[in-house]
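Quick notes on the structure that follows.
Count residues from 1 along the sequence. Values in this document were obtained by computation on a predicted structure and should not be read as measured data. Ligands are counted one by one from 1 in listed order, and the atoms in each one are counted from 1 as well.
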Amino acid sequence: MDSASTFAPYDDVRIPSRALATEAVHAGRDDLARQGLHAPPIDLSTTYPSYDSRGEAARIDAFAQTGAEPDGPPVYARLGNPTVARFETALARLEGTESAVAFASGMAALSAVLLVRGSMGLRHVVAVRPLYGCSDHLLTAGLLGSEVTWTDPAGIADALRPDTGLVMVETPANPTLAEVDLRAVAHSCGSVPLLADNTFATPVLQRPAEQGARLVLHSATKYLGGHGDVMAGVVACDEEFAGRLRQVRFATGGVLHPLAGYLLLRGLSTLPVRVRAASENAAELARRLTADPRVARVHYPRIGGAMIAFEVHGDPHEVIAGVRLITPAVSLGSVDTLIQHPASISHRIVDAADRQGAGVGDRLLRLSVGLEDVEDLWADLDGALGGTATADRTEAADRRPSAV
Ligand SMILES: *Cc1c(COP(=O)(O)O)cnc(C)c1O
């Protein structure tokens, strides 16, 4: 095989559309068998030798013009990495977009989007609350020079200005699991790009690009990685926008490490199975919580998923202190179940009045349901809610003199 097909393995592969479960285990790996490999190689090079500096100059010029991945061998790790490119290819296939561009974190990915639009003089953002706490903060504080107008979905069209560069929504939203009608919102945006944060739903449950979102953002730290050991972000989009994102990534440096790219590609292969199994657990827990008199309200999305938000009558801090199997920790989307109190942690950075206004009350808890047996999860939740103090719960109960 020639060296071009070794280094740019996907360009010559034309694959008919395949089912999501098939893409999850094959996308980004199409060249491997021809190379005599099974597991994808991890390329840790920061630089790449080339005896043809005229050729390098031409390829760097081409990148500066379009941001397209340079043909042929890589140049420098901040410009692109083959292992990370496999993950990007795979995620784009799963989201049904032309391209995807990976970053060091979800926040680095969102920052790159804002920088792309800001650099075009389109600094105004229209956004719908709630968003993930740090996304809210980045927009509210205007850290990257953007200016935000908060609105509800029905107000988007009226909030647009000539300098509006982006409309941003999350659905289901972090942490309330509020849903927006992406098709209707995309219609309201007109020609302004709609960014949908698809971290909670994943492409297994929802593909926002099919509903009119031009940009699909993930905190890949969550379900895409899936095991609580990778921090990453990614934007799935058309190739034109992807080129601009690569140029910003090159200039600002928020690159994803190749090892993280490898772990994410591996994570994607089980994504459909994980999301479906965890969603079954979550649907059952949501049913039981809804029927429970200790629980005031349960938020579980219409489209399903593995996230639950619920409000307790008692003290939510006691529930956090009372879990034994479930891990009391921020983040989500791991194989194990996590619970956290958004008003204290994930959305602490949002001004209290704004938080309340977005439906993030002080009694709200957010549960990321994992792959444990649902009966074990329920036993733990039941105990944490101050319910059945069975023998093996004595210690937990002792720590909760005023159990709710
Ligand atoms: C966690 C999260 C982010 C931020 O991603 P990081 O990888 O932590 O930078 C953005 N959006 C949503 C919905 C999230 O849950």
Check this for me: does any side-chain nitrogen of one of [X] and [Y] sit under 4.0 Å from a carboxylate oxygen of the other?
X	Y	value
D31	R86	yes
R294	D382	yes
R129	D354	yes

H218 (side chain) donor-acceptor with P203 (main chain) under 3.5 angstrom: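 Here the side-chain-to-backbone pair does not exist.
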
Strictly under 4.0 angstrom, heavy-atom based: which residues surround ligand 1? S105, G106, M107, Y132, E170, N174, D197, T199, F200, S219, T221, K222, M231, A232, L332

Checking side-chain polar atoms at under 3.5 Å, does N281 have a donor or acceptor matched by the opposite partner on E372?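 Not at all, the side chains of N281 and E372 share no donor-acceptor pair under 3.5 Å.
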
Strictly by modelled atom types, are S146 and H124 linked by a side-chain donor-acceptor pair under 3.5 Å?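 No.
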
